[in-house]
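Hydrogens, waters and symmetry mates are skipped; everything else that's a heavy atom, side chains included, is used. We count ligands from 1, going down the list as the structure has it; atoms in each ligand are counted the same way.
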Amino acid sequence: MSKKKWYAGALIVAALFAAGFASYGSMARKVHASAAAQQKYESPVAPRAEQVKALVNEAYEKFKTDNRGKNADYIPYLAKVDSNLFGIAIVTTNNQMYSTGDVKYSFSIQSIAKVFTLALAMKELGGDAVFQKVGSEPTGRAFNSVLAVADMPTHTGNPLVNAGAIATVSLIPAANETERWNKILAFYSQAAGEKLSLIDEVYRSEAATNQGNRALAALLLKYERIYSDPPQAVDVYTKECSVGVNAVQLARMGAMLANDGINPATGERVIPSEDIPEILSAMMMAGLDDGSGGWAWRVGLPAKSGVGGGILAVVPGKGAIAVFAPPLDEAGNSVKAQDVITYVANKLNYNLFSPASVGWKQ
Ligand code: GLN
C-alpha cells in the first residue's frame, strides 16, 4: 500500500472513531483485516465497547449489596462457598471481554453443563434424534422433580432438567463411562477455548448426596428413556456438574453459542451452525427451570442457571454474559445474576422479542 493511501485510510478510521460512529467490532475488523477467516465470522452487531464496559461496572455497583437468596445447601460443598462472591463477565462475538468482581474464582458449573452435553449429543447424533429421545417440553416443576418424570408423556421432559440431562449423558456414544466422561470434558474445554477440569471436592460432595438423581435414572429405566447403564450415567452427570469454571470462561462458552458455534477466541468451530437455534430454544424454554416463564417475560434471552450460583445468558450474534453469585432464589437461580443480566439486557435492548433488539428505532 502506498504511503499516501495508508495515510488517507488512517485518517478516515480516526475520524470515524472520533465521531463515535465506530463500534469496537468495526475497528477490530479494520485492525485485523488480514485475518480473513476471522473476519468472515465476525459479528456486524457486536455491542460498543465503551457502553458495555460502563454497564458492567454500573451493574456491579448497583447489585453488590443485594443480599437476598441463600446458597444451595443440598450439596454440602455449595453451602460453604462464600456468599459474597460476585463476578460479571461479558465476551462478545468479536472476542472482546469485559469483566469485574470475582471473575477468577472457579465455581462448579452445575446445571449450565447440561447445555453443552446437549450440544455434544446433537453434534454426534443429530438434533432430531436427541429431540426424539429426550424432548424439549418445559416441566413447570423443579429441576429435580420425580413427579415430572412420572407425569410427562416424554418422561425425560427436556435436556436441561436433571432427568433429561441424565438421559442426554447416556446418549453420548462411547465404549464405556470413562470414555464418555473424557469426551464430555474435552468438549467443554473446546467450548471454553481452554482446558477445564473437575473440582474433585464438589464431585465427592455431590456423589455422596445424589440419591434423588439416582432415583430419577431408575425411573427413566422403567420408562425406557435412558440409554446407558443408569448408575453410571448419573455418575458422569455428577462429574459434569462438578466441572470448575470462572465467569470469563463461562462467558466465552456462551459467546461461542452466540457466534454461531465458533469459539471467538480460538476461531474453532465447536458446534454445527444448524444446532445453535435448537440449543438456544431449549435454554429459552427451560434454562431457569421453573423460573423460565418469568425470565422469558422479563428478559427475553436464552439462559441457563446452575445451583453453584452461575447464570449464562446468550445474545445471538452479539455475545454472552456470565454472572456468578452463590445466593439463590426459590427456583434455584442466582438472585444477583438475574438482577445483573436483566439490567444489562434492558439497557442494551437485548430482549429478543423486542424489535429494538434488531435495531428498530421509534
Ligand atoms: N448437580 C445439580 C443437581 O443435580 C445441578 C442442579 C442445578 O444446577 N440446577 O441437583
Side-chain angles (χ1 to χ4, degrees), residues 69-81 106-118 138-149 156-170 181 184-185 188 196 198-220 226 230-245 247 250 253-254 282-283 285-292 295 303-313 322-335 337-338:
K70 184 169 153 299
N71 283 32
D73 57 8
Y74 74 100
I75 298 170
Y77 177 99
L78 297 179
K80 294 185 308 189
V81 174
S106 192
F107 55 95
S108 56
I109 188 169
Q110 295 295 341
S111 280
I112 307 167
K114 292 165 173 161
V115 171
F116 298 93
T117 300
L118 167 64
T139 66
R141 296 188 192 267
F143 58 83
N144 52 6
S145 172
V146 175
L147 287 177
V149 178
T156 35
N158 66 71
L160 304 184
V161 292
N162 290 14
I166 295 166
T168 309
V169 164
S170 77
W181 161 239
I184 289 175
L185 185 62
Y188 291 4
L196 300 179
L198 187 78
I199 306 178
D200 201 52
E201 215 188 316
V202 177
Y203 167 62
R204 279 186 280 117
S205 179
E206 188 161 346
T209 52
N210 67 353
Q211 291 77 12
N213 287 336
R214 283 183 252 161
L216 292 176
L219 205 49
L220 288 178
I226 189 160
Q232 292 193 1
V234 173
D235 189 54
V236 174
Y237 165 80
T238 307
K239 283 188 175 130
E240 75 175 28
C241 292
S242 310
V243 167
V245 284
L250 192 58
M253 293 169 89
M283 293 170 77
M285 301 309 296
L288 267 73
D289 299 308
D290 46 342
S292 298
W295 177 260
K304 183 72 202 90
S305 62
V307 289
I311 299 185
L312 172 64
V323 184
F324 164 62
L328 312 177
D329 68 9
E330 290 294 305
N333 300 317
S334 165
V335 174
Q338 290 180 81

Do the charged groups of Asp289 and Lys304 touch, with an N to O distance under 4.0 Å?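 Salt bridge: yes.
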Distance alone, cut at 3.5 Å: any donor-acceptor contact between the side chains of Asn162 and Asn213?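 On atom types as modelled, these side chains qualify, holding a pair under 3.5 Å.
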Side chain proximity check, Thr117 to Tyr188, heavy atoms < 4.5 angstrom: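 The answer is yes, as the side chains (C-beta and beyond) meet within the 4.5 Å cut-off.
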Straight-line distance of Ile75 CD1 to Ser108 OG, nearest 0.5 Å: 7.0 Å
For ligand 1, list every N/O pair with the protein closer than 3.5 Å, one pair per line with the distance.
residue: ligand 1; atom: 1 (N); partner: Gln110; partner atom: OE1; Å: 2.6
residue: ligand 1; atom: 1 (N); partner: Glu206; partner atom: OE1; Å: 3.4
residue: ligand 1; atom: 1 (N); partner: Glu206; partner atom: OE2; Å: 2.4
residue: ligand 1; atom: 4 (O); partner: Asn162; partner atom: ND2; Å: 3.0
residue: ligand 1; atom: 4 (O); partner: Asn213; partner atom: ND2; Å: 2.9
residue: ligand 1; atom: 4 (O); partner: Tyr237; partner atom: OH; Å: 2.8
residue: ligand 1; atom: 8 (O); partner: Ser111; partner atom: N; Å: 3.0
residue: ligand 1; atom: 8 (O); partner: Ser111; partner atom: OG; Å: 2.7
residue: ligand 1; atom: 8 (O); partner: Val307; partner atom: N; Å: 2.8
residue: ligand 1; atom: 9 (N); partner: Ser111; partner atom: OG; Å: 2.8
residue: ligand 1; atom: 10 (O); partner: Tyr74; partner atom: OH; Å: 2.5
residue: ligand 1; atom: 10 (O); partner: Asn162; partner atom: ND2; Å: 3.4

Working note: Tyr77 + Asn71, criterion side-chain hydrogen bond (donor to acceptor under 3.5 Å, both in side chains); need CA distance, chi angles, decisive distance, verdict. CA-CA 10 Å; Tyr77 177 99; Asn71 283 32; over 6 Å; no
Crowded around Gln211 CD? As in, over 12 foreign heavy atoms under 6.0 Å? yes
